[in-house]
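Because the structure is a prediction, the values reported are computed rather than measured.
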Amino acid sequence: MTITSPHLGSPSVWTDARLLYALEEVVETELNRHLKVAKDWMPHEYVPWSDARNFPGLFEDGEAWAKEQSQVTEVGRIALVVNLLTEDNLPSYHHEIASLFGRDGAWGTWVHRWTAEEGRHGIVMRDYLLASRAVDPDKLEQFRMSHMSEGFESDNRHSMLHSVAYVAFQELATRISHRNTGHQSGDPVCDRMLARIATDENLHMVFYRNLLKAAFELAPDLTMQAVRDVVVNFRMPGHGIPGFERAAAQMAIGEVYNLRIHHDDVLQPVLRFLKVMEIDGLGPEGRQAQEELGLFLGGLNAEALKFDEKLAARKARMAARAAG
């Protein structure tokens with residue numbers, strides 16, 4: 001259903017400002033729901049402090065880092081660094097959404113609450129990595145400086161609807177990446193920590209997904225076009241991390257995040273919940289966007305099938321070598 005009013009105007013003249021105003025009540029409702037179900041937790045309670053010891057530097061008893069000091073797997077190590085460096089750019093993310101959504105009213109309250117919750121993730125991950133000696137601390141800091149010095153600019157900063165659509169998928173992608181990293185890490189402590197983070201990310205996804213649902217009711221054609229654009233051009237916020245492409249390839253092979261996971265566990269759950277492909281009554285541009293989205297998903301699934309076959313063949317080769 002398309003909603004119009006003499007104050008907000010018709011769908012043909014929706015602006016970011018009008019949409020922000022029209023969705024304010026939905027944001028307040030979702031914010032209140034979020035605050036009721038979100039649970040505070042203490043980052044320091046998830047860190048194995050008893051495993052910690054000094055590094056070289058100011059301390060005479062400092063022990064140099066070595067890969068053998070941690071039980072974390074190689075793919076777990078790679079994914080942990082990517083995930084943490086992504087979280088490290090929180091100042092840039094905050095600037096982006098605060099500039100787009102504003103700092104007043106329910107929108108502003110959500111922006112600050114989201115930032116505070118995301119801040120915990122970077123804190124606990126870094127403390128875990130250093131205390132457990134899962135990664136080289138010098139390289140981690142060098143990567144952080146390089147990544148943060150570049151900052152972050154969203155591909156969707158030009159449009160409020162595109163931004164809401166993006167974070168609805170991106171928050172779920174982050175949740176899946178954290179959860180799979182924990183499963184593949186080889187360390188139960190790491191798995192528990194990332195499960196706690198993933199719970200937060202899932203609640204963030206629900207907030208934005210429900211907001212996107214309301215946007216479809218207000219401006220279905222524009223929202224469909226935004227979803228089409230976001231899905232077709234989707235990339236994770238950490239794409240600017242040094243060596244990201246190689247790390248992403250290793251994470252794909254390690255089944256932390258790959259085409260199959262992206263299609264089945266990220267895109268499809270959100271699209272099914274919103275019943276995006278079932279929406280009717282769209283105008284010409286909305287219908288075209290819906291059709292193009294369907295075609296893209298079909299092509300993505302075909303690419304995922306090819307990846308599945310390659311991954312299965314690789315596993316078979318590795319099993320044969322191990323047996324021989």
Side-chain angles (χ1 to χ4, degrees), residues 16 19-20 23 27 30-31 34-35 38 43 79-127 129 140-141 143-179 181 194 196-212 215 226 229-231 233-242 244 247-248 257 266 270:
D16 279 1
L19 283 166
L20 286 167
L23 290 168
V27 172
E30 289 303 313
L31 172 63
H34 177 85
L35 294 175
L80 280 163
V81 171
V82 169
N83 292 352
L84 175 55
L85 292 177
T86 300
E87 299 284 359
D88 276 335
N89 248 343
L90 182 60
S92 287
Y93 306 150
H94 174 85
H95 174 76
E96 289 274 325
I97 66 170
S99 299
L100 194 64
F101 298 154
R103 295 174 173 82
D104 300 321
W107 282 105
T109 302
W110 167 254
V111 166
H112 296 305
R113 173 72 188 199
W114 175 87
T115 301
E117 291 185 5
E118 289 288 346
R120 283 181 179 146
H121 303 167
I123 290 170
V124 71
M125 289 178 68
R126 175 166 281 100
D127 286 348
L129 290 176
L140 182 65
E141 178 59 12
F143 283 148
R144 187 190 71 84
M145 286 295 296
S146 175
H147 185 45
M148 290 194 69
S149 294
E150 292 294 324
F152 172 82
E153 285 190 347
S154 170
D155 295 332
N156 302 288
R157 61 188 180 279
H158 63 287
S159 161
M160 176 266 188
L161 275 180
H162 282 72
S163 296
V164 170
Y166 175 75
V167 288
F169 294 105
Q170 183 268 321
E171 292 284 5
L172 182 53
T174 303
R175 174 205 172 224
I176 295 297
S177 180
H178 283 312
R179 200 69 191 93
T181 298
L194 291 175
R196 177 58 261 186
I197 293 175
T199 299
D200 282 359
E201 302 289 7
N202 195 62
L203 290 178
H204 297 165
M205 178 276 293
V206 170
F207 178 94
Y208 287 118
R209 183 197 64 188
N210 292 351
L211 195 57
L212 189 59
D229 294 344
V230 164
V231 170
N233 299 300
F234 186 89
R235 57 180 182 168
M236 292 293 276
H239 59 80
I241 292 171
F244 177 78
Y257 201 94
V266 177
V270 175

Straight-line distance of Arg120 CZ to Thr115 OG1, nearest 0.5 Å: 12.5 Å
For the student: nearest non-hydrogen atoms of Pro43 and Ile123, plus distance: CB-CG2, 4.0 Å
Heavy-atom check, side chain of Met160 versus side chain of Leu23, under 4.5 Å: yes
Here's a test for you: under side-chain hydrogen bond (donor to acceptor under 3.5 Å, both in side chains), which of His162, His239, Arg235 qualifies with Asp155? Arg235
Could you walk me through whether Val27 and Phe101 pass the side-chain contact (heavy atoms from CB on, under 4.5 Å) check? CA-CA 11 Å; Val27 172; Phe101 298 154; over 6 Å; no
Heavy atoms of other groups near Glu141 CD, more than 12 under 6.0 Å: yes
Taking all heavy atoms of Gly102 and all of Val111, pick out the closest pair and write down the distance. O-CG2, 3.9 Å
Are Phe169 and Phe234 an aromatic pair, judged by ring center distance below 6.0 Å? no
Drop me the distance from His121's NE2 to Leu194's CG, to the nearest 0.5 angstrom. 10.0 Å
Would you say the side chain of Arg157 lies within less than 4.5 Å of the side chain of Leu100, judging by non-hydrogen atoms? no
Minimum heavy-atom separation for Val82 to Ala247, with atom names? CG2-CB, 3.7 Å
Quick check on the 6.0 Å ring-centre criterion: do Trp110 and Phe207 meet it? yes
Qualifying residue, where the test is side-chain contact (heavy atoms from CB on, under 4.5 Å) with Asn202 and the options are Arg175, Arg179, Glu171: Arg175
A side-chain contact here means heavy atoms from C-beta on lying under 4.5 Å apart; do Leu90 and Trp114 qualify? yes
Any Lys/Arg nitrogen of Asp88 or Arg126 sitting under 4.0 Å from an Asp/Glu carboxylate oxygen of the other? yes
To the nearest 0.5 Å, what is the distance between NE2 on His178 and CG on Leu80? 9.5 Å
Close side-chain approach of Ile97 to Trp107, heavy-atom, < 4.5 Å: no
Is there side-chain contact between Met205 and Val167, with at least one heavy-atom pair below 4.5 Å? no
salt_bridge(Arg113, Glu117) N-O dist < 4.0 Å: yes
Value rounded to 0.5 Å, distance of CG in Leu129 from CG in Leu140: 6.5 Å
Nearest heavy-atom approach of Ala79 to Thr181 is CB-OG1, 3.4 Å
Can you find a heavy atom in the side chain of Glu87 that is under 4.5 Å from one in the side chain of Asn83? no
Find the distance between CE (Met125) and CG (Leu84) and round it off to the nearest 0.5 Å. 5.0 Å
As a test of understanding, state which of Glu118, Arg209, His34 forms a side-chain hydrogen bond (donor to acceptor under 3.5 Å, both in side chains) with His204. Glu118
Sort and list the pairs that fulfil salt bridge (Lys or Arg N to Asp or Glu O under 4.0 Å) and have at least one residue in residues 89-104, not counting sequence neighbours. none
Testing the basics here: between Ala165 and Val230, what is the closest heavy-atom pair and its distance to 0.1 Å? CB-CG2, 3.9 Å
Minimum-distance pair of heavy atoms, taken over all atoms of Leu161 and Ala215: CD2-CB, 3.6 Å
Side-chain heavy-atom pair Glu30, Leu211 within 4.5 angstrom cut-off: no
Flag side-chain contact, heavy atom, 4.5 Å: Met236 against Thr174: yes
Quick one: pull up OH in Tyr208 and OG in Ser163 and give me the separation to the nearest 0.5 Å. 9.5 Å
